[in-house]
Structure formats: structure tokens, C-alpha cells
Colleague: 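Sharing a structure here in C-alpha cells format.
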Amino acid sequence: MASTIAILGGTGPEGKGLALRLAMAGETPIIGSRDSGRGSTVAEELSQTAPGIVINGSDNHGAVSAADVIFLAFPYEGQRSVLEDLASDLKGKIVVSVIAPMKFERGKGASAVEVVAGSAGEEAQEMLPESLVVAAFQNVSAEELLNPDTIMQGDVVVCSDHPTAKKLVMDMADKINDLRGVDGGSLANCKYVEQITPLLVNINRIYKTHASIKIVGIDQ
Ligand SMILES: NC(=O)c1ccc[n+]([C@@H]2O[C@H](COP(=O)([O-])OP(=O)(O)OC[C@H]3O[C@@H](n4cnc5c(N)ncnc54)[C@H](OP(=O)(O)O)[C@@H]3O)[C@@H](O)[C@H]2O)c1
């Protein structure tokens with residue numbers, strides 16, 4: 001992997017977990033935040049959580065300009081404003097959406113939020129026609145990622161209309177022990193992946209765990 005990775009919204013649990021695991025796999029990710037001080041503080045703290053890793057911090061703009069693979073790891077509610085703000089800086093770059101649009105209702109648990117474009121990933125691609133959008137990692141638990149001693153279990157279904165970018169993200173997933181990148185086909189398929197996440201959240205509440213998904217029957 002010769003890419004520089006930035007993680008927007010990397011101050012939250014999912015972004016921090018991905019930054020930690022990618023750093024453990026040999027990358028030097030940049031935590032992006034709407035506040036540069038917060039990005040730097042979180043990066044410094046996270047760099048102490050595993051030996052020999054380097055994680056840098058910045059504001060979202062600085063992180064995007066320094067990277068060629070940019071993860072979107074903020075809540076769906078922030079997508080439109082963040083992407084409108086950064087669209088020109090994201091041109092030509094690989095944009096990895098880990099976003100699972102979700103809401104919580106008292107007594108009902110988690111459910112998927114309807115997205116007019118079909119999914120958060122498709123909406124991102126519509127908003128960023130000159131970027132290579134890949135959707136991945138939406139089903140991977142932040143709690144598991146954040147414990148460097150936990151061996152990850154499960155598959156990362158990767159969807160995109162850009163084959164080279166998709167392969168690069170599948171390879172990134174493979175470098176996180178013991179995740180496996182699975183080719184999920186075109187970006188249109190990411191709606192199904194995003195909607196598994198509220199199901200997992202509800203299963204987690206029942207079983208008091210951090211469940212993930214595994215695709216069986218493929219020879220890899
Ligand atoms: N948590 C999980 O286990 C998990 C698992 C799979 C997928 N995901 C997905 O990963 C994404 C991040 O999850 P999370 O739990 O880490 O989220 P989070 O803690 O709610 O937010 C992450 C970061 O996003 C930024 N942010 C918050 N609201 C924003 C807004 N309206 N506009 C722009 N930036 C905003 C904040 O960073 P700054 O204030 O520093 O900018 C925040 O620290 C979500 O889309 C979620 O669906 C989460």
C-alpha cells in the first residue's frame with residue numbers, strides 16, 4: 001500500500017478504530033476533524049495505544065490535501081455539508097464511505113434511514129462525480145477495532161464502480177488481522193451492506209456482543 005490515508009470524522013470511535021488498525025498494518029493515517037486541535041490531540045493519544053505506530057492529526061481540509069485515500073467516518077447527517085465543503089479537494093481521490101445511515105427510536109432499537117440516492121455511498125458518488133467512491137467497513141464494530149489486542153472477525157464487503165479503487169480497499173481490509181475484503185460488486189449494492197449495520201446493532205443489544213458478518217461459500 002503506497003497510499004496516504006485520511007479519516008474524516010476520525011475523532012469518533014469508528015474512525016479512531018480504523019486509524020489504529022491501519023497504523024498497525026503499517027500505514028501512517030491522518031485523523032481529520034472539523035477542529036484541527038481535536039484532530040491532533042486524538043492522533044497523539046491514539047498513537048500511544050499500540051507500539052511503533054504513527055498517526056497524525058489535522059483539520060478535515062488539511063487531511064484531504066495530504067492524502068489520496070480519504071475515509072468518510074462521520075454520521076450520515078453530516079455528509080452533505082462535509083462533501084459540499086470538500087468536493088473540489090476530493091477530485092481524483094479515492095473516497096471510502098464507512099457510513100451506515102441509521103436512527104435509534106426508544107423501544108424500537110436501531111433502523112436504517114432512507115436515503116433518496118439509495119445509500120450513503122451512492123449519494124457520495126453523486127456529490128463527488130470526479131472522485132472514486134468505494135463503500136466498505138460499514139459492518140465493522142468500532143469497539144472491536146479500538147482494542148489492539150482483539151483479533152478481528154468477519155468480512156468487509158467492498159462495493160464500487162471503480163475496480164482499481166475497490167481492489168485497493170479490499171487489500172486494506174485484508175491487512176487488518178483477521179478481516180477479509182470481499183468483492184461486493186457495484187456501488188449500487190452498498191445499500192444492502194449499510195442496512196445490515198442496524199440489524200447488527202439490534203443483535204448486539206440482544207446478545208450483549210459486537211457481532212460482525214461472514215460470507216460463506218466463496219473460495220478465498
Ligand atoms: N460506531 C460503530 O461501531 C460503527 C460501525 C460501523 C460503521 N459506523 C459508521 O461510521 C461513522 C462514524 O461512526 P462513529 O460512531 O465514530 O460516529 P460519531 O462518534 O458520532 O462521529 C464521528 C466524528 O464525526 C464528526 N462529526 C459528528 N457530527 C458531524 C456532523 N454533523 N458533520 C460533520 N462531522 C461530524 C465528529 O468529529 P469532529 O467533531 O472532530 O469533526 C465526530 O467525532 C458513522 O457514519 C457510522 O454509521 C460506525
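Counting starts at 1 for both ligands and their atoms, in listed order. For the single chain, residues carry numbers from 1 onward in sequence order.
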Colleague: Check whether any N or O atom of Asn139, backbone or side chain, sits under 3.5 Å from an N or O atom of ligand 1, and answer yes or no.
Modeller: no
Colleague: Is it true that Val193 and Leu199 fall in one hydrophobic cluster, defined by side-chain heavy atoms closer than 4.5 Å?
Modeller: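 As far as the 4.5 Å side-chain criterion goes, Leu199 and Val193 are not connected within one cluster.
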Colleague: With nothing but distance in play, are any N or O atoms of Glu14 less than 3.5 Å from an N or O of ligand 1?
Modeller: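 Such a contact does occur with ligand 1.
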Colleague: Out of Phe74, Phe71, Tyr76, whose heavy atom sits nearest atom 44 (C) of ligand 1?
Modeller: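 Minimum heavy-atom distance to atom 44 (C) of ligand 1 goes to Phe74.
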Colleague: How does Ala73 reach ligand 1, if at all, at less than 4.0 Å between non-hydrogen atoms: by side chain, backbone, both, or neither?
Modeller: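 Backbone only; the side chain of Ala73 stays clear of ligand 1.
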Colleague: Look only at interatomic distance and state if Gly15 has a nitrogen or oxygen under 3.5 Å from any nitrogen or oxygen of ligand 1.
Modeller: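 No, there is no polar N/O contact under 3.5 Å.
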Colleague: Tell me yes or no: between the side chains of Asp89 and His61, is some donor less than 3.5 Å from an acceptor?
Modeller: yes
Colleague: Should Arg34 be counted as touching ligand 1, given the test is an N or O pair under 3.5 Å?
Modeller: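 N/O-N/O distance under 3.5 Å: yes.
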Colleague: Could you tell me whether the side chains of Glu194 and Tyr76 share a donor-acceptor contact shorter than 3.5 Å?
Modeller: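 The answer is no; no qualifying pair exists.
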Colleague: Could you tell me which atoms of ligand 1, counted from 1 in the order shown, lie closer than 4.0 angstrom to a heavy atom of Gly78?
Modeller: 30 (C), 31 (N), 32 (N)
Colleague: Please report which non-hydrogen protein atom sits nearest to atom 39 (O) of ligand 1, along with the residue it belongs to and the distance in Å to one decimal place.
Modeller: Arg38 NH2, 2.8 Å
Colleague: To the nearest 0.1 Å, how far is atom 6 (C) of ligand 1 from its closest protein heavy atom, and which atom is that?
Modeller: Gln138 O, 3.0 Å
Colleague: Looking only at distance, does Pro13 have an N or O less than 3.5 Å from an N or O of ligand 1?
Modeller: yes
Colleague: Look at Arg34 together with Asp59 and state whether they make a salt bridge at an N to O cut-off of under 4.0 Å.
Modeller: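 Answer for the salt bridge query: no.
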Colleague: Between Leu145 and Leu46, is there a shared hydrophobic cluster once you connect ILVMFWY residues whose side-chain heavy atoms come closer than 4.5 Å?
Modeller: no
Colleague: Evaluate the side-chain proximity of Ser119 to Cys190: yes if any heavy-atom separation is below 4.5 Å, no if none is.
Modeller: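 Yes; the side chains approach each other to less than 4.5 Å.
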Colleague: Should the proximity of Val140 to ligand 1, defined as any heavy atom under 4.0 Å, be assigned to the side chain, the backbone, both, or neither?
Modeller: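 The answer is the backbone of Val140.
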Colleague: Where is the nearest protein heavy atom to atom 9 (C) of ligand 1: which residue, which atom, and how far?
Modeller: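 So the nearest neighbour among protein heavy atoms is Val98 O, 3.3 Å.
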Colleague: Passes salt bridge (charged side-chain N to carboxylate O under 4.0 Å, His left out), Lys167 versus Asp171? Steps please.
Modeller: CA-CA 6 Å; Lys167 176 72 169 62; Asp171 290 346; 2.9 Å; yes
Colleague: Taking only heavy atoms of Ala142, which atoms of ligand 1 are found under 4.0 Å from at least one of them?
Modeller: 1 (N), 2 (C), 3 (O)
Colleague: Going by heavy-atom distance to atom 21 (O) of ligand 1, choose the closest among Pro75, Gly9, Gly39.
Modeller: Pro75
Colleague: List every atom of ligand 1 that sits less than 4.0 Å from any heavy atom of Val82, numbering the atoms from 1 in the order shown and giving each element.
Modeller: 33 (C)
Colleague: Mind checking whether Val134 and His162 have side chains closer than 4.5 Å, heavy atoms only?
Modeller: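 No, every pair of side-chain atoms sits at 4.5 Å or beyond.
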Colleague: Please list, in number order, the atoms of ligand 1 under 4.0 Å from a heavy atom of Ile99.
Modeller: 45 (O)
Colleague: How close do Gln125 and Leu187 get, counting heavy atoms only, and between which atoms?
Modeller: CB-CD2, 3.6 Å
Colleague: Does Thr11, backbone or side chain, put an N or O under 3.5 Å from an N or O of ligand 1?
Modeller: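 Yes - when backbone and side-chain N and O of Thr11 are compared with those of ligand 1, one distance drops under 3.5 Å.
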Colleague: Using a 4.0 Å cut-off to any heavy atom of Ser33, which atoms of ligand 1 qualify?
Modeller: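 So the answer, numbered in order with elements, is 38 (P), 40 (O), 41 (O).
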Colleague: Determine which pairs satisfy side-chain hydrogen bond (donor to acceptor under 3.5 Å, both in side chains) with at least one residue from residues 134-144, sequence neighbours left out, and list them in order.
Modeller: Asn139-Thr197, Ser141-Glu143
Colleague: So which heavy atom on Ala66 is nearest to which on Thr4, and how close?
Modeller: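 Between these two residues, the closest heavy atoms are O-CG2, 3.3 Å.
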Colleague: Using distance alone, decide if ligand 1 has a nitrogen or oxygen within less than 3.5 Å of any nitrogen or oxygen in Met102.
Modeller: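 By distance alone, the answer is no.
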Colleague: Which side-chain N or O atoms in residues 94-115 pair as donor and acceptor under 3.5 Å with protein atoms at least two apart or in another chain?
Modeller:
from, atom 1, to, atom 2, distance (Å)
Ser97, OG, Ile99, N, 3.3

Colleague: Which heavy atom of the protein is the closest neighbour of atom 46 (C) of ligand 1, given with residue, atom name and distance?
Modeller: Ala100 N, 4.1 Å
Colleague: Is Ser141 in polar range of ligand 1, meaning some N or O pair under 3.5 Å apart?
Modeller: no
Colleague: What's the shortest heavy-atom distance between Ile70 and Lys93, and which atoms?
Modeller: CD1-CD, 3.5 Å
